[in-house]
Amino acid sequence: VSGNLNAAQIDQYNSKGYLCPVPVLNSEEAQTYRQALEGIEDAQGHSMDRMQSNKSYLLFDWADELVHNPKIVDAVESLIGPNIICYMTNLFTKEAGSNSYVSMHQDAAYWGVDASDVVTVWLALSPASKDSGVMKVQPGSHTTILEQVNTYAKDNLLTRGQEIPSEHLNPENHVYMELEPGEASLHHFKLVHGSDANTTDDRRIGFAIRYVNASARQIGLTESALLVRGENKSNFILEKRAKGNSEKARLKEHARALRRQIRNVLSPGPDAKLTERMRLAVTRTAGIGLSYWRELTA
Ligand SMILES: O=C(O)CCC(=O)C(=O)O
């Protein structure tokens, strides 16, 4: 097998659906990336907003470098092969003492990708401990797609508050994937996972990078993705890398990518009730409108 994971690590991922910890950055490097991110927040006078936290790699050098980090991409190659696209990134920041949490859910239930080899690398840029609201997973749950309800609950970091009903959960078996800054966990996109509130006095910052085998088919409307290694055989539109792009070109590329994603991922499922359809329509319209505005003023 190509890549940098050993047979035992690959077995663990295949049988349990996750792997952790995987060292990526040393503590100084992790601190440097955190400073790069927080430097941008200081300069703009607010934390990364929802749009900046989505597909950040099209906007910022720090994120562009991380999605191309050879240690990360090598680990991913061990699991999904040598042709790799980055389909999305999400910055999950929980402010110190915040009630933000992520309900137990499966990503595969709502992402517009038809593939089984989709892996998230969740890189810690601050300590991810039980107290700071580290990610917890239900081992071995990546073989079946479970029922999921959209709760739109307050403080839930997921757009729809997607939640797997408690009868499918067995909390006594949950594993807390504790990480030092610079370490990553890997999880399969069908794995049941979530996280609790941050009760510490530091922020909890996780950068989640979603990689897909570049032969994946995409469901629904066309979306875009970034080729990070090998050859693209998927039907995703390929994105232009941020590095080497002007500030203006970055903003445009990001706005276009988000529009494609919002149209696709925030469309209601066939069983959605009227209130949910209306809610999603509002979120979609707001997101698309904002992205047009950003593109125009870039
Ligand atoms: O950062 C978290 O707490 C949740 C992350 C998550 O749901 C994911 O990476 O898929």
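Ligands are counted one by one from 1 in listed order, and the atoms in each one are counted from 1 as well.
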Closest by any non-hydrogen atom to atom 6 (C) of ligand 1: pick that one out of H193, M177, R204.
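Answer by nearest heavy atom: H193.
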Could you tell me which atoms of ligand 1, counted from 1 in the order shown, lie closer than 4.0 angstrom to a heavy atom of [X]?
X	result
R210	8 (C), 9 (O), 10 (O)
D107	10 (O)
A208	9 (O)
H105	7 (O)
H187	8 (C), 9 (O), 10 (O)
S195	2 (C), 3 (O)

When you compare ligand 1 with T120, is there at least one nitrogen or oxygen pair between them that comes in under 3.5 angstrom?
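So ligand 1 has no N or O lying under 3.5 Å from an N or O of T120.
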Write out the residue and atom name of the closest protein heavy atom to atom 5 (C) of ligand 1, then the distance separating them to 0.1 Å.
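In this structure, atom 5 (C) of ligand 1 has F92 CE1, 3.5 Å as its nearest protein heavy atom.
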Please tabulate, for side-chain N and O atoms in residues 162-171, each donor-acceptor pair with protein atoms closer than 3.5 Å (sequence neighbours left out).
{"residue": "Q162", "atom": "OE1", "partner": "R160", "partner atom": "N", "Å": "3.4"}
{"residue": "H168", "atom": "NE2", "partner": "E147", "partner atom": "OE1", "Å": "3.3"}
{"residue": "N170", "atom": "OD1", "partner": "Q138", "partner atom": "NE2", "Å": "3.4"}

For a quick test of your reading: what N or O donor-acceptor pairs under 3.5 Å do the side chains of residues 2-11 make, sequence neighbours left out?
{"residue": "S2", "atom": "OG", "partner": "E77", "partner atom": "OE2", "Å": "2.7"}
{"residue": "N4", "atom": "OD1", "partner": "A75", "partner atom": "N", "Å": "3.0"}
{"residue": "N4", "atom": "ND2", "partner": "K71", "partner atom": "O", "Å": "3.2"}
{"residue": "N6", "atom": "OD1", "partner": "A8", "partner atom": "N", "Å": "3.1"}
{"residue": "N6", "atom": "OD1", "partner": "Q9", "partner atom": "N", "Å": "2.8"}
{"residue": "Q9", "atom": "OE1", "partner": "N6", "partner atom": "N", "Å": "2.9"}

Passes side-chain hydrogen bond (donor to acceptor under 3.5 Å, both in side chains), N156 versus S103? Steps please.
CA-CA 7 Å; N156 195 327; S103 47; 2.8 Å; yes
Measure across A30 and L125 and return the closest heavy-atom pair with its distance rounded to 0.1 Å.
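Minimum heavy-atom separation between A30 and L125: O-CD2, 4.1 Å.
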Please work out which of the three classes, parallel, tilted or perpendicular, describes the rings of H193 and H187, given edges at 30° and 60°.
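Tilted.
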Check: W62 ring centroid to F207 ring centroid under 6.0 Å:
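Yes, close enough.
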For the residue pair Y211 and Y87, is the inter-centroid distance of their aromatic rings smaller than 6.0 Å?
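That pair fails the under 6.0 Å test.
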Does L158 approach ligand 1 within less than 4.0 angstrom via side chain, backbone, both or neither, non-hydrogen atoms only?
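Neither part.
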